[in-house]
**Student:** 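Can you read through this structure? Questions will come right after.
Whatever order the structure lists them in is the order used to number ligands and atoms, beginning at 1. The figures that follow rest on heavy atoms only: side chains count, while hydrogens, waters and symmetry mates do not. We count residues from 1, following the sequence as given.
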Amino acid sequence: MDILNHLSPRRFREVDDLLAFISIYDDTQRTRAFRKLLHAHQKQIRGAVCAEGGCGLGVFSTAMAKLGARRVYAVEQNPLLAKLARERIAELPKAVSQRIEVIETPLQEFRPPEKIEVLVHELYGQLLYDEDLWVLENLKIKPKLVLPDGGELLAGVVSSERYADNVVTITLLKSLGGVLIAGLFEEKLHELQFPVLRWQFGKKLLQTTHDLSGEKGDLLCFGVAITHRGRRLCEAGRCPNWSYVWTPRVSDRFAFEFRPSTRGGKDCHFRWIV
Ligand SMILES: C[S@@+](CC[C@H](N)C(=O)[O-])C[C@H]1O[C@@H](n2cnc3c(N)ncnc32)[C@H](O)[C@@H]1O
């Protein structure tokens, strides 16, 4: 869901963000994978002071409180979501709700009165770093454990003949050189072959170079994978929250750059090197 017409940019920003992100809760695979990760770290969560960075409706804050966290700070910058989280948490049994505090602030400005031991977040964009992952490099807190702690942007080269149809024709595709299009084709789930970007908490974004000259195919696709300790938890295509991003191949080399956006966050700049 998105607001489509041009409006005074600031006025409806919060509603637009709310509508854009709320569909993540339709992605049960994503939610299940994150819950599983939390359960696997129950020992570290029980008795600990935890935070959820960008808590949305507070689903993982609630899960951590239920796993025995001593205190959970549910940090959310969008006032509409913070209000929804507060209302939902107030409906939980008191033994759980009284250990969760919703804090309405950007995560990068969050200064709790005590040390945060565990931080859970889900700030991954379709192109890994195009949403809010960069915030984790600008924290005022120093959690001992960050869940999840990594991610990859994977890519693959395929033949457009297997994907193009009567609407998105090969001719149309060829005219889209340099344009990254999310969800253009349905994923067949064998496309992603090699990493092009890697992110690891504390190590920033690592760009890997890949020369496509040995690869056959005129269509490139990208897909994000969420990792913890190098193991994949969920990925684009399998989790409907993230689709593949497609672009016609123009040469053998390309470059990604993420620069601060005028809307806040980072914009992705992609170019073919010819
Ligand atoms: C993809 S949603 C994840 C919500 C929730 N953690 C979950 O996984 O169910 C990202 C959330 O982070 C919030 N967010 C994004 N950047 C943030 C920031 N810098 N500080 C606080 N919240 C942020 C968004 O408003 C949104 O609610």
**Student:** Quick one: nearest non-hydrogen protein atom to atom 2 (S) of ligand 1, plus distance?
**Tutor:**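 Nearest neighbour among protein heavy atoms for atom 2 (S) of ligand 1, to 0.1 Å: F21 CD1, 3.2 Å.
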**Student:** In the protein, what heavy atom is nearest to atom 20 (N) of ligand 1, and what distance, to one decimal place, separates them?
**Tutor:**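 Here the nearest protein heavy atom works out to L107 N, 2.8 Å.
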**Student:** Considering only protein heavy atoms, which is closest to atom 8 (O) of ligand 1, and at what distance to one decimal place?
**Tutor:**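 Heavy-atom neighbour on the protein nearest atom 8 (O) of ligand 1: R30 NH1, 2.8 Å.
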**Student:** Under 4.0 Å from a heavy atom of G56: which atoms of ligand 1 are those, numbered in the order shown and with their elements?
**Tutor:**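 Answer, ordered by atom number: 4 (C), 27 (O).
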**Student:** Show the nearest heavy-atom pair for residues E215 and H210, with the distance to one decimal.
**Tutor:**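 Smallest interatomic distance, heavy atoms only, reads OE2-NE2, 3.2 Å.
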**Student:** Can you name the atoms of ligand 1, numbered from 1 with element, that are less than 4.0 Å from a heavy atom of L123?
**Tutor:**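 So the answer, numbered in order with elements, is 12 (O), 15 (C).
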**Student:** So if I count the atoms of ligand 1 from 1 in the order they appear, which ones are less than 4.0 Å from some heavy atom of L81?
**Tutor:**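 Close to L81: 25 (O), 27 (O).
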**Student:** Is there a heavy atom of V59 sitting under 4.0 angstrom from any atom of ligand 1?
**Tutor:**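 For ligand 1, residue contact (heavy atoms, under 4.0 Å) with V59 is absent.
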**Student:** Suppose we measure from atom 10 (C) of ligand 1 to each protein heavy atom; which comes out shortest, and what is that distance?
**Tutor:**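 Here the closest protein heavy atom is E122 O, 3.7 Å.
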**Student:** Would you please determine whether T105 falls within less than 4.0 Å of ligand 1 on a heavy-atom basis?
**Tutor:**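 Distance cut 4.0 Å: T105 passes for ligand 1.
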**Student:** Answer yes or no: is there an ion pair linking E109 with R111, defined by an N-O contact shorter than 4.0 Å?
**Tutor:**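 No.
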**Student:** Is a salt bridge present between K204 and E137, judged by a nitrogen-to-oxygen distance below 4.0 Å?
**Tutor:**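 No, this pair does not count.
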**Student:** Pick from W199, Y129, F222: which one makes a ring pair (Phe, Tyr, Trp, His ring centres under 6.0 Å) with F256?
**Tutor:**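 By the ring pair (Phe, Tyr, Trp, His ring centres under 6.0 Å) criterion, F256 pairs with just one of W199, Y129, F222: F222.
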**Student:** In terms of side-chain geometry, is the basic nitrogen of E122 or R30 positioned less than 4.0 Å from the acidic oxygen of its partner?
**Tutor:**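 Answer for the salt bridge query: yes.
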**Student:** Does Q108, backbone or side chain, put an N or O under 3.5 Å from an N or O of ligand 1?
**Tutor:**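 Yes: some nitrogen or oxygen of Q108 is under 3.5 Å from one in ligand 1.
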**Student:** List every atom of ligand 1 that sits less than 4.0 Å from any heavy atom of F60, numbering the atoms from 1 in the order shown and giving each element.
**Tutor:**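 What qualifies from ligand 1 is 7 (C), 8 (O), 9 (O).
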**Student:** Any idea which atoms of ligand 1 are less than 4.0 Å away from a heavy-atom of G54?
**Tutor:**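 Contacts of ligand 1 toward G54, numbered from 1: 3 (C), 4 (C), 5 (C), 6 (N), 11 (C), 12 (O), 13 (C), 14 (N), 22 (N), 23 (C).
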**Student:** Taking a cutoff of less than 4.0 Å between a non-hydrogen atom of the residue and any ligand atom, is D17 in contact with ligand 1?
**Tutor:**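 So D17 does not count as touching ligand 1.
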**Student:** Have a look at E14, E76, E52 and point out the one with the heavy atom closest to atom 6 (N) of ligand 1.
**Tutor:**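 Among E14, E76, E52, the closest heavy atom to atom 6 (N) of ligand 1 comes from E52.
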**Student:** Are any side-chain N or O atoms of S160 and backbone N or O atoms of I170, one a donor and one an acceptor, separated by less than 3.5 Å?
**Tutor:**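 Not a single qualifying donor-acceptor pair exists.
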**Student:** Look at atom 17 (C) of ligand 1 and find which of E104, E109, Q77 reaches it with the closest heavy atom.
**Tutor:**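 It is Q77 whose heavy atom sits nearest to atom 17 (C) of ligand 1.
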**Student:** Among protein heavy atoms, which lies nearest atom 15 (C) of ligand 1, and at what distance?
**Tutor:**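 Protein heavy atom with the smallest distance to atom 15 (C) of ligand 1: D132 OD2, 3.2 Å.
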**Student:** Test your reading of the model: is there a side-chain donor-acceptor pair from T227 to the backbone of G150, 3.5 Å cut-off?
**Tutor:**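 Indeed, once roles are kept as given, a pair shorter than 3.5 Å links the two residues.
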**Student:** Using the rule side chain to side chain donor-acceptor pair (under 3.5 Å), only one of E191, K188, E186 pairs with Y163; which is it?
**Tutor:**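 Among E191, K188, E186, the one that satisfies the side chain to side chain donor-acceptor pair (under 3.5 Å) with Y163 is E191.
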**Student:** Only one of E52, E114, E101 clears side chain to side chain donor-acceptor pair (under 3.5 Å) with Y73; which?
**Tutor:**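 Of the listed options, the one satisfying the test is E114.
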**Student:** What's the separation between atom SG in C268 and atom CD in Q126, rounded to the nearest 0.5 Å?
**Tutor:**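 Reported to 0.5 Å precision, the distance equals 11.5 Å.
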**Student:** Which distance, rounded to the nearest 0.5 Å, do you find between the CD of E104 and the CG of L80?
**Tutor:**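 E104 atom CD to L80 atom CG measures 9.0 Å (nearest 0.5 Å).
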**Student:** For ligand 1, which atoms have a heavy atom of V135 less than 4.0 angstrom away?
**Tutor:**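 Near V135, meaning under 4.0 Å from one of its heavy atoms, ligand 1 has 19 (N).
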**Student:** N/O to N/O below 3.5 Å, does that happen between Y25 and ligand 1?
**Tutor:**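 Yes, since at least one N or O of Y25 sits under 3.5 Å from an N or O of ligand 1.
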